[in-house]
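A short write-up of the structure that comes next.
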Number of protein chains: 2
Amino acid sequence: MQTYRRDIMAIGIKDIARLAGVSTATVSRALSHPGRVSPETRAQVMAVVEEHDYRVNSFARSLRVRRADAVLALVPNLGNPFFSEIIAGIQDGLTPAGLDLLVTDSLSQQARRQSPVTHLQAARADGLICLDGALPAGILDDLAASDVAGRVVFACEWPDGRGFPVVRSDNRAGMALAVQHLVGLGHRDFALLTGPEGNVLTRERREGAEAALAQAGLSLPPSRIAGGSFEIRDGFRAAGDLMRMPSRPTAILCSSDQLAIGCISGLSELGVRVPQDVSVVGFDDIALAAYSRPPLTTIRQDRRRLGRIAAERLLSSLSGKPLAETLTTLPVEIVVRRSTAAAPAG
Amino acid sequence: MQTYRRDIMAIGIKDIARLAGVSTATVSRALSHPGRVSPETRAQVMAVVEEHDYRVNSFARSLRVRRADAVLALVPNLGNPFFSEIIAGIQDGLTPAGLDLLVTDSLSQQARRQSPVTHLQAARADGLICLDGALPAGILDDLAASDVAGRVVFACEWPDGRGFPVVRSDNRAGMALAVQHLVGLGHRDFALLTGPEGNVLTRERREGAEAALAQAGLSLPPSRIAGGSFEIRDGFRAAGDLMRMPSRPTAILCSSDQLAIGCISGLSELGVRVPQDVSVVGFDDIALAAYSRPPLTTIRQDRRRLGRIAAERLLSSLSGKPLAETLTTLPVEIVVRRSTAAAPAG
DNA sequence: AGAAAAAATGTAATCCTTTACATGCAAACC
DNA sequence: GGTTTGCATGTAAAGGATTACATTTTTTCT
């Protein structure tokens with residue numbers, strides 16, 4: 001329990017009013033609606049404001065105007081650097097509108113046994129951008145409740161069949177691009193490294209891969225599917241599992257760059273050469289992808305843009321504009337580097 | 001300019017009071033000081049609160065108690081994943097105390113032409129954890145002003161000679177560890193990849209390297225110092241520069257893992273083998289370090305712990321406890337992997 | 001010049017809680 | 001039994017801004 005108390009406001013609007021010889025209403029107007037006071041008065045007020053370095057108390061202001069001018073971003077796990085770029089994009093989208101950004105992760109929310117909805121209900125944030133598609137049903141019910149409807153958008157990940165507005169990358173198309181690239185190089189024998197069970201991205205990327213393979217007359221037997229998280233270490237582990245199989249794939253589709261890098265690391269340990277023996281493609285195009293050894297062929301998704309668009313969507317939803325479309329799908333592209341090559345003969 | 005306005009609070013303390021048949025004072029006490037109301041009354045109030053899912057309006061509350069229950073973290077650049085782990089640590093430190101976390105980066109602060117001090121003065125946050133050691137002098141002056149004194153702590157980076165409380169890793173010792181390791185492997189010819197000019201970490205790590213080399217009777221001529229940022233691409237570039245020199249170093253000290261990974265990537269492009277021809281050591285031990293090729297020998301700093309301790313320091317400073325020490329230096333350790341080996345003969 | 005319209009400013013209510021102080025009432029004491 | 005003490009609760013005053021409405025001053029128009 002906190003016990004401190006700060007004299008946060010040394011000086012208030014009343015003091016400014018007194019010093020400038022006007023009423024508090026005029027001070028308020030001079031600051032928020034400069035056009036509605038005479039130039040002389042404004043100058044006079046501003047001089048006093050500057051001199052004393054006065055700032056409006058945002059609590060009093062928010063209380064009165066019933067607006068927080070802040071948005072909450074909920075990340076599954078703050079420690080995961082994957083999200084930082086999206087957060088930066090959200091910040092980009094919020095800054096021009098003058099909104100602040102609050103950040104929490106699902107883990108610490110649970111630790112405090114509170115739902116992100118609390119923040120909305122407690123009026124601390126005007127809206128929520130949720131990067132966690134795996135929220136418990138109870139929380140999703142809360143989010144769907146009328147009093148927060150129109151104040152939530154999901155980005156990157158999303159929960160199924162709930163009808164929330166979503167901004168995401170085209171995960172299916174991404175995997176299709178990867179498959180087409182590899183098929184073009186003569187690969188016929190594929191494996192897939194998936195993300196965590198139950199995750200939407202895992203599912204979409206798997207389905208995208210399967211659809212594109214089917215199109216090429218190929219299929220993905222269960223024995224060729226490994227993974228279980230987006231983390232490096234599971235890519236490393238999965239590489240081992242895959243190579244222990246009697247027949248080996250020549251191409252490995254990874255659901256994240258981290259998986260791909262771990263996978264390549266694991267393959268190297270086993271003496272398997274990338275791309276001569278096995279081609280590997282990642283997903284995301286994180287900064288390191290271009291500099292790992294070998295440089296990683298991957299699917300680029302513009303995470304920063306994704307964050308920015310999510311923020312913009314939320315903003316327009318907050319200002320009452322109906323959303324043109326509830327599902328926004330951003331294009332992805334393939335970046336061919338050197339972790340993929342023609343399938344080995346035989 | 002925002003124009004929306006939300007009926008953020010559907011239901012207020014007055015409604016709860018009416019429905020429970022008590023006064024607002026009693027409702028408030030039932031929620032914040034449960035011991036000060038009779039068990040029956042409390043149960044009755046709680047029932048109504050639960051039923052209507054009431055949350056106190058945090059603005060009204062903060063206005064009254066003059067406390068935000070939130071802390072602002074200022075990052076140089078939100079897009080840089082290096083900071084995510086520190087942020088997670090800060091969250092860890094804040095959560096038990098029930099404080100929220102606001103995040104901004106220096107870039108968007110500048111874009112909005114406002115200083116982080118604004119947030120403190122506007123009472124939006126009780127304290128500031130600053131991860132940016134390169135703030136302009138004007139802002140540092142503001143931070144040093146009496147009304148925010150005791151509400152700021154620097155973490156990871158810090159400004160020089162200002163006397164702010166700082167939590168940091170032992171950068172000098174880290175570099176010394178790296179040098180000793182390499183000297184032990186027979187290396188005599190060193191190069192250093194530095195971070196951005198003017199950065200404290202750049203300076204501390206350079207000085208640490210130079211001191212440790214001096215101790216071993218070695219030195220670092222200016223021609224052996226390259227870099228200029230912590231980014232991968234500069235590591236890549238610097239590798240090229242270094243290898244174009246008439247005589248080549250056998251060991252490269254990098255001021256970040258990103259530099260090291262870029263450097264190894266650049267060396268590989270040039271056909272220089274790591275660690276057979278050149279040993280490379282990084283700094284930070286980011287997640288990828290263990291899985292890059294070759295796995296990176298590096299200096300581990302516990303970023304999460306650093307964030308947590310910074311948060312705890314701030315918290316105790318906010319509650320008026322005088323800080324035992326203004327400078328907290330966390331230990332680092334060397335993690336030997338496979339990017340370092342005995343110096344090549346001759 | 002006088003009336004009407006527009007602009008500038010002021011007064012005071014309002015946003016929602018918390019909490020100092022007052023009140024009432026029951027238990028504890030001598 | 002009559003004070004004293006202590007608990008449970010209520011009343012009402014902050015807390016610092018915004019803004020509807022009222023008022024005054026200035027401009028514009030005929």
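Side chains included, hydrogens not; waters and symmetry mates left out as well; all remaining heavy atoms used. Lettering follows sequence order; numbering is per chain, from 1.
- The phosphate of D/dT9 has neither OP1 nor OP2 within less than 4.0 Å of any side-chain N or O from B/Thr26.
- You'll find the side chain of A/Val22 reaches within 4.5 Å of the side chain of A/Thr41, heavy atoms only.
- Side-chain N/O atoms of A/Arg67 and A/Ser62 include no donor and acceptor closer than 3.5 Å.
- Distances shorter than 4.0 Å separate some side-chain N or O of A/Arg66 from OP1 or OP2 on C/dC16.
- At the heavy-atom level, A/Val22 lies under 4.0 Å from the strands shown only through sugar-phosphate atoms.
- When each of C/dT19, D/dA20, D/dT18 is scored by its nearest atom to the side-chain atoms of A/Ile13, the top-ranked nucleotide is D/dT18.
- Residue A/Val37 places its side chain closer to C/dT9 than to any other of C/dT9, D/dG15, C/dT18.
- Residue A/Ser32 has a polar side-chain atom (N or O) positioned under 4.0 Å from OP1 or OP2 of D/dT18.
- Nearest to the side-chain atoms of A/Ala25 among the listed nucleotides C/dT11, D/dG15, C/dA20 stands C/dT11.
- Between A/Arg55 and A/Asp53, at least one side-chain N (NZ, or NE/NH1/NH2) sits under 4.0 Å from a carboxylate O, which counts as a salt bridge.
- Side-chain nitrogen and oxygen atoms of B/Tyr54 include none within less than 4.0 Å of the OP1 or OP2 phosphate oxygen of C/dC16.
- Where A/Thr24 and A/Thr41 meet DNA chain C, the nucleotide closest to each residue was compared, and A/Thr41 sits on the side nearer the 5' end.
- B/Asp15 places its CG atom 11 Å from the P atom of C/dC15, with the value rounded to the nearest Å.
- The A/Val56 side chain lies nearest to D/dA17 when the options are D/dG16, D/dA17, D/dT9.
- With rounding to whole Å, B/Asp69 atom CG is found 15 Å from C/dT17 atom P.
- Looking at the side chain of A/Ser38, the nearest of the listed nucleotides C/dT9, D/dA13, D/dG10 is C/dT9.
- When heavy atoms are screened at a 4.0 angstrom cut-off, A/Ser28 is found touching base atoms of the nucleic acid.
- At a threshold of 4.0 Å, the pair B/Asp92-B/Arg305 does not count as salt-bridged, since none of the basic side-chain nitrogens sits closer than that to a carboxylate oxygen.
- Protein atom CZ of B/Arg64 is 5 Å distant from nucleotide atom C1' of C/dT19, rounded to whole Å.
- Under the 4.5 Å side-chain criterion, counting only non-hydrogen atoms from C-beta, A/Val75 is not in contact with A/Cys130.
- Rounded to whole Å, the distance from CD on A/Glu40 to P on D/dT26 is 11 Å.
- What separates NE2 of A/His33 from P of C/dA8 is a distance of 14 Å, to the nearest Å.
- Look at CZ on A/Phe59: it is 14 Å from C1' on C/dC16, rounded to the nearest Å.
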